Amino acid sequence: MFSTYPGQVVVDHPVKVPIEHRFDPYVDNGGTLLSIAGEDFCVVAADTRQSEGYSINSRYVPKSVKLSDKTVISMGGCYADCLTLTKKIQQSMEWYHHAHGKTMSTAAVAQMLSIMLYQKRFFPFYSWCILGGLDEEGKGAVYTYDPVGSYERESCRCAGSASSLIQPFLDNQIYFKNQVSQKKTLTLDQVLRITKDSFTSATERDIYTGDYLELFVITSKGVEVQKMDLKKD
Amino acid sequence: MEYNGGAVVAMVGKNCVAIACDKRLGVQAMTISTEFPKTFQATPKTYIGLPGLATDVQTLSEKFRFKVNMYRLKEEREIEPRTLAHLVSSTLYERRFGPWFVEPVIAGLDKENRPFICSTDLIGCINFAKDFVVSGTTSNQLYGMCESLWEPDLEPEDLFETISQSLMNAVDRDCLSGWGAQVTVITPDQVITRTLKSRQD
């Protein structure tokens, strides 16, 4: 008959065996975001395509949310996690406002977000966050996060599916790396042009980036939103 | 493909082409040589770039040197870049089910001095591009840089600057590539190879 090995039992009737049901809790909805801090402004940009695998869920689902007149947050990754995290931040900001009588500053929101993310250290929010805004001195600030809350203030950063494509371009154009050193500050127009060029290039080569580009420009006057077309293929 | 690291990029300009590569040879995280360029001259006006597994880079560069020499002896003329591309493609496809771990890039001028570039995947599928081709562990970063910096009809000096900036900034975001760069610009009159000093990390 069959050859048996130690421990194996051969039977002639159906056997009940437990079946493992697995549930993968994370989904990658794709997309790219970037933020650049200027002397007295901050630009937060994100594409609006939401995808799942090779399908497009929607051409217009904004990834950035205005938290206050001085702060905008942008999140990529699993959209469900991003949505819940945004709600948590907005609710915490409202509690703060009731308790302290003033809006949370950008640096305060930055630290709070780090703590919120680390609280789920062992079942993380799958979201790549970039917080952009003006600090207490009115200068542009960009805070970048990893999914479990490690954060740092920088001058510019991109995250998401096309981050490896855009980040070296930003190094070259914003930090002037590998160029004869030019310590000049960039104007809002120059930064907007670099942002739009980054996204058009990323749209060409990354399938998860495209459709529309939403730009949030934060200045002392407040937050202005611009929308631009990207290739829809 | 990510054992030794490496990056190669080629671009088309106005009556010229340029090909560039990094010079690092590593064994995963450890760098063991900073003099390992990945571009090789096939004919006076054609260069082939071979990023990928270093042993295959060396073996294939010698195999192609042999095949190009045999072609020259039999045909009594230099091989055209387009023909070399097909030669590379068939050489790679011969090993369809046990491939060479390289993704070559070819750049050159044909007999009428028209620019030609192409790249292939590890089993020989040719990508005939009109603008630029990238290959190696740094390909994503190179795609981003080239897509933003490249424009058509760049003169040789401008093409050199563009390809150099694309390569240097891209490899600075990849830990497996870098440690210097070698850029070759091919024009109808001359071929100039320059070595760039970049971040040595």
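Each chain gets a letter, A, B and so on, in the order the sequences are listed, and its residues count up from 1. Quantities reported herein were computed from a predicted structural model and do not represent experimental measurements.
- The contact list for residues 96-117 of chain B toward chain A, using heavy atoms and a distance under 4.5 Å, is empty.
- For the atom pair B/Met168 CE and A/Asp171 CG, the distance stands at 12.5 Å (nearest 0.5 Å).
- In this structure, A/Phe169 CZ and B/Glu147 CD are separated by 11.0 Å, a value rounded to the nearest 0.5 Å.
- Rounding to the nearest 0.5 Å places CD of A/Gln179 at 12.0 Å from OG of B/Ser164.
- With 3.5 Å as the limit, one finds a donor-acceptor pair spanning the side chains of A/Asn172 and B/Gln165.
- By the neighbour-count criterion of 12 heavy atoms within 6.0 Å, atom CZ of B/Arg199 is sparsely surrounded, having that number or fewer from other residues, nucleotides or ligands.
- Taking a cutoff of 4.0 Å between a charged side-chain nitrogen and a carboxylate oxygen, A/Lys177 and B/Asp172 do not qualify as a salt bridge.
- The CD1 atom of A/Ile166 sits 8.0 Å away from the OG atom of B/Ser148 when rounded to the nearest 0.5 Å.
- Around CZ of B/Arg95, the count of heavy atoms belonging to other residues, nucleotides or ligands within 6.0 Å does not exceed 12.
- Heavy atoms of other residues, nucleotides or ligands lying less than 6.0 angstrom from CD of B/Glu2 number 12 at most.
- Crowding of A/Lys120 atom NZ: a count of heavy atoms from other residues, nucleotides or ligands under 6.0 Å exceeding 12.
- Around the NZ atom of B/Lys14, the shell of radius 6.0 Å holds no more than 12 heavy atoms that belong to other residues, nucleotides or ligands.
- We find the CD-CG distance between A/Gln173 and B/Leu149 to be 6.5 Å, quoted to the nearest 0.5 Å.
- Going from atom SG of B/Cys146 over to atom CD of A/Glu204 covers 13.0 Å, rounded to the nearest 0.5 Å.
- Atom OH of A/Tyr118 has 12 or fewer neighbouring heavy atoms from other residues, nucleotides or ligands inside a 6.0 Å radius.
- Counting heavy-atom neighbours within 6.0 Å of A/Lys139 NZ, excluding the residue itself, gives a total of 12 or less.
- No more than 12 heavy atoms of other residues, nucleotides or ligands lie within 6.0 Å of OH in B/Tyr93, so this atom counts as exposed by the packing criterion.
- Of residues 39-65 of chain B, not one residue has a non-hydrogen atom less than 4.5 Å from any non-hydrogen atom of chain A.
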